[in-house]
Number of protein chains: 2
Amino acid sequence: MIYDVYSEACPTRLVLDRLADKWVLLVLGRLTEGPMRFNHLRREIEGVSQKVLSQTLKRLERDGLVTRQAFPTVPVTVEYAITPLGRTLSETAQALARWAETNIEAVMAAQAAYDAQAGGQTSRATT
Amino acid sequence: MIYDVYSEACPTRLVLDRLADKWVLLVLGRLTEGPMRFNHLRREIEGVSQKVLSQTLKRLERDGLVTRQAFPTVPVTVEYAITPLGRTLSETAQALARWAETNIEAVMAAQAAYDAQAGGQTSRATT
DNA sequence: CTGTATCCAAAATGATACTG
DNA sequence: CAGTATCATTTTGGATACAG
């Protein structure tokens, strides 16, 4: 069955909302390189707080995109890994990251142009 | 020059943050089909408020992803269209929407499994 | 180390009203 | 029609402290 993303009640929206998370793409991207422990992940991705990373990982686990494995060491060690499903998503998602890397300059140029024009826009009138 | 998305200061993050917007993908997707007026867009995409759609469009315009053209009719008519740059992004982004549509069932199944297991998890102990 | 719980500040959103 | 402005509310996030 195919759902329509433009419909409000569509469950696909839920997935899209999930993807619409600053960190999901980055986490998934990192995990494609191999399993990683919590704090390692935290250090790799600059800017995530412990709280948010924790939440993100839990959601991803619930969605079946990553797995969480705890080793009964002291102190405990936890390894996160991407699932096959997660990997298919990540591949798609990485295309976005690549787009961003490739077109960042065009976007920044557009912003500069827009801002310059908007700046002089404040009706100075004819005098 | 290539930036590293994982670095906090990286400008690419800004783009990624932009994409990490619930509505951007949907708006862009709709505009690939042709220019569209404000309220039409609003009706097409269920769930957006006027305010949020307005903000979204303004950001997209600033980023050079869509153009805004006002016709001096009464009342005024405004048409939004996607730019070539926006189109390249949209193509990439649509892959995500397709992924969501394709894999929504797998994700929902994973969620159900996770929830079921988490539910019985509340230590009932041995007794 | 890997989290959860709590409190608080900041940001996003909805509803409403009003303008060109 | 196409917005902007404002306010109240909800969400979200960071900082901190603490537990297994």
Side-chain angles (χ1 to χ4, degrees), chain A residues 8-9 13-14 16-27 30-31 35-62 66-81 114 117-119 121-123 125, chain B residues 8-9 13-14 16-27 30-31 35-62 66-81 114 117-119 121-123 125:
Chain A
E8 186 160 20
R13 276 279 187 94
L14 298 177
L16 225 44
D17 288 359
R18 188 65 26 93
L19 302 181
D21 184 294
K22 226 178 143 174
W23 307 112
V24 166
L25 266 46
L26 296 171
V27 169
R30 266 318 185 205
L31 290 182
M36 200 172 280
R37 295 209 324 259
F38 186 84
N39 276 336
H40 190 187
L41 214 39
R42 176 154 157 51
R43 279 188 302 272
E44 285 285 317
I45 304 173
E46 298 179 17
V48 234
S49 70
Q50 183 183 40
K51 180 183 177 182
V52 171
L53 179 58
S54 177
Q55 292 173 341
T56 301
L57 286 169
K58 206 183 289 182
R59 276 201 302 264
L60 288 176
E61 189 193 356
R62 189 171 103 100
V66 310
T67 56
R68 174 186 183 279
Q69 186 174 12
F71 299 93
T73 53
V74 178
V76 65
T77 301
V78 178
E79 221 172 58
Y80 289 92
Y114 181 94
Q117 197 245 346
Q121 194 127 242
T122 359
S123 59
Chain B
E8 186 160 19
R13 277 279 186 93
L14 298 177
L16 224 45
D17 287 359
R18 188 66 25 94
L19 302 182
D21 184 293
K22 227 179 143 173
W23 307 112
V24 166
L25 266 47
L26 295 172
V27 169
R30 267 315 185 208
L31 290 181
M36 199 172 282
R37 295 209 323 264
F38 186 85
N39 278 334
H40 189 187
L41 214 40
R42 176 155 157 49
R43 278 189 302 272
E44 285 284 317
I45 304 173
E46 297 179 19
V48 234
S49 69
Q50 184 183 41
K51 179 181 176 181
V52 170
L53 179 58
S54 176
Q55 292 173 341
T56 301
L57 286 169
K58 206 183 290 184
R59 273 201 303 264
L60 289 176
E61 189 194 355
R62 188 171 103 99
V66 310
T67 56
R68 174 185 182 280
Q69 187 174 14
F71 299 94
T73 53
V74 178
V76 64
T77 301
V78 178
E79 221 172 57
Y80 289 92
Y114 182 95
Q117 196 244 348
Q121 192 126 241
T122 0
S123 56

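Proteins come first, then strands; the chains are lettered A, B, ... in the order of their sequence lines, and each starts at number 1. Any value given below was found using the heavy atoms of this structure, including those in side chains, with hydrogens, waters and symmetry copies removed. Note that this is a predicted model, so its numbers are computed, not measured.
- Summarising the geometry of A:Phe38 relative to A:Leu53, their closest heavy-atom pair is O-CD2, 3.8 Å, with the distance given to 0.1 Å.
- Between A:Ala81 and A:Leu31, the shortest heavy-atom distance links the atoms C-CD1, 4.3 Å.
- The distance from atom CG of A:Leu41 to atom C1' of C:dT2 is 12 Å, rounded to the nearest whole Å.
- The CG-P distance, from A:Asn39 to C:dG3, rounds to 9 Å in whole Å.
- In this structure, A:Thr56 OG1 and A:Leu41 CG are separated by 9.5 Å, a value rounded to the nearest 0.5 Å.
- B:Gln69 contributes atom CD, which lies 13.5 Å from atom CZ of B:Arg37 (distance to the nearest 0.5 angstrom).
- Across the protein-nucleic acid pair, A:Gln69 atom CD and C:dC1 atom C1' stand 16 Å apart, rounded to whole Å.
- Salt bridge status for A:Glu61 with A:Arg68: absent, with no side-chain N to carboxylate O gap under 4.0 Å.
- Within the 4.0 angstrom heavy-atom criterion, only backbone atoms of the sugar-phosphate kind lie near B:Arg68; the bases stay farther away.
- We find the CG-CZ distance between B:Leu26 and B:Arg30 to be 9.0 Å, quoted to the nearest 0.5 Å.
- Using a 4.0 Å heavy-atom cutoff across all strands shown, B:Phe71 reaches no nucleic acid atom at all.
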Per-nucleotide protein contact string for nucleotides 4-20 of chain C (B base, S sugar-phosphate only, - none; heavy atom under 4.0 Å): B-B------BBB----B
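- Counting 5' to 3', DNA chain D first comes under 4.0 angstrom of a heavy atom of chain A and last does so at the ends given by D:dG13 to D:dG20.
- The CG-C1' distance, from A:Leu57 to C:dT2, rounds to 11 Å in whole Å.
- Side-chain contact between B:Asp21 and B:Arg59: present, with at least one pair of heavy atoms (C-beta onward) separated by less than 4.5 Å.
- Between the side chain of B:Arg42 and the main chain of B:Val48, a donor-acceptor pair closer than 3.5 Å is present.
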